[in-house]
K.L.:
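Here it is: the structure, laid out below.
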Amino acid sequence: MAQSAVSMKLSDNERARLADLAKRTKRSAHFHMRAALSKYLEEMEWRRSFVEEAEAAWEHYKETGLHVTMDEMERWAKDPSQELPKCHT
């Protein structure tokens, strides 16, 4: 996997905190920055996926009128062993 350098500006406080964390954990500042970025990217990708799925569901509802009511889902949530409610108009 190709890698390239990227610079990031940190406040003096952030740089000190990162250095302290690196020292206390016996890991490099680089390790912690990569871990933090990786976690952030995963979270933001998950959120974007969630929004896109919700938008697609909304468009589908507007086109078809198919839905499940909150009451139907609440009844199912009380007993998830039962079959999921069917979509209807």
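All values reported here derive from a predicted model rather than from experimental measurement.
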K.L.:
Step by step, would you call Asp71 with Thr69 a side-chain hydrogen bond (donor to acceptor under 3.5 Å, both in side chains)?
P.N.:
CA-CA 5 Å; Asp71 288 340; Thr69 67; 5.3 Å; no

K.L.:
What's the shortest heavy-atom distance between Thr89 and Thr64, and which atoms?
P.N.:
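Closest approach of Thr89 to Thr64, heavy atoms only: CG2-O, 3.7 Å.
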
K.L.:
Go through it in stages, so that I can follow the logic: the residues are Glu55 and Glu59, the test is side chain to side chain contact (heavy atoms under 4.5 Å, CB included), and I'd like the CA-CA distance, side-chain angles, deciding distance and then a yes or no.
P.N.:
CA-CA 6 Å; Glu55 289 170 344; Glu59 290 302 317; 5.7 Å; no

K.L.:
Step by step, would you call Trp76 with Leu84 a side chain to side chain contact (heavy atoms under 4.5 Å, CB included)?
P.N.:
CA-CA 7 Å; Trp76 174 81; Leu84 277 169; 3.3 Å; yes

K.L.:
What are the two closest non-hydrogen atoms of Ala22 and Ser28, and how far apart are they?
P.N.:
CB-C, 3.9 Å

K.L.:
Say you draw a straight line from CD of Glu14 to CE of Met8; how long is it, rounded to the nearest 0.5 Å?
P.N.:
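Spacing of CD (Glu14) from CE (Met8) equals 8.0 Å.
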
K.L.:
Give a yes or no answer on whether the side chain of Ser49 reaches the backbone of Glu45 with a donor-acceptor pair at less than 3.5 Å.
P.N.:
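Checking the backbone N and O of Glu45 against the side chain of Ser49, no donor-acceptor pair under 3.5 Å is found.
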
K.L.:
Using a 6.0 Å cut-off, check whether atom CG of Asn13 has over 12 heavy atoms from anything other than its own residue.
P.N.:
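Yes, enclosed.
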
K.L.:
Atom NE2 of residue position His30 - does it have more than 12 heavy atoms of other residues, nucleotides or ligands inside 6.0 Å?
P.N.:
no

K.L.:
Going by heavy atoms in the side chains, are Met73 and Pro85 under 4.5 Å from each other?
P.N.:
yes

K.L.:
What is the distance from atom CG of Leu66 to atom NE2 of His88, rounded to the nearest 0.5 Å?
P.N.:
9.0 Å

K.L.:
Would you please name every residue forming a ring-ring contact (aromatic ring centres under 6.0 Å, His included) with Phe31, sequence neighbours left out?
P.N.:
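If we apply the ring-ring contact (aromatic ring centres under 6.0 Å, His included) test to Phe31, skipping adjacent residues, there are no hits.
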
K.L.:
Could you check whether any side-chain N or O of Glu42 sits under 3.5 Å from a backbone N or O of Lys39, counting only pairs where one atom can act as donor and the other as acceptor?
P.N.:
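The answer is no, because no donor-acceptor pair under 3.5 Å joins these two groups.
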
K.L.:
Give the C-alpha distance, both sets of side-chain angles, the deciding distance and a yes or no for side chain to side chain contact (heavy atoms under 4.5 Å, CB included) between Arg17 and Asp20.
P.N.:
CA-CA 5 Å; Arg17 289 170 58 202; Asp20 182 57; 5.7 Å; no

K.L.:
Is any NZ, NE, NH1 or NH2 atom of the basic residue among Lys78 and Glu74 found under 4.0 Å from an Asp or Glu carboxylate oxygen of the other?
P.N.:
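Between Glu74 and Lys78 there is no salt bridge, as every charged N stays at least 4.0 Å from the carboxylate O atoms.
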
K.L.:
Looking at residues at least two apart in the chain, or sitting in another chain, which of them share a side-chain contact (heavy atoms from CB on, under 4.5 Å) with Leu21?
P.N.:
Arg24, Thr25, His32

K.L.:
Atom CD of Glu72 and atom CZ of Arg75: how far apart are they, to the nearest 0.5 Å?
P.N.:
6.0 Å

K.L.:
Could you tell me which residues satisfy side-chain contact (heavy atoms from CB on, under 4.5 Å) with Glu52, sequence neighbours excluded, listed by chain and number?
P.N.:
Arg48

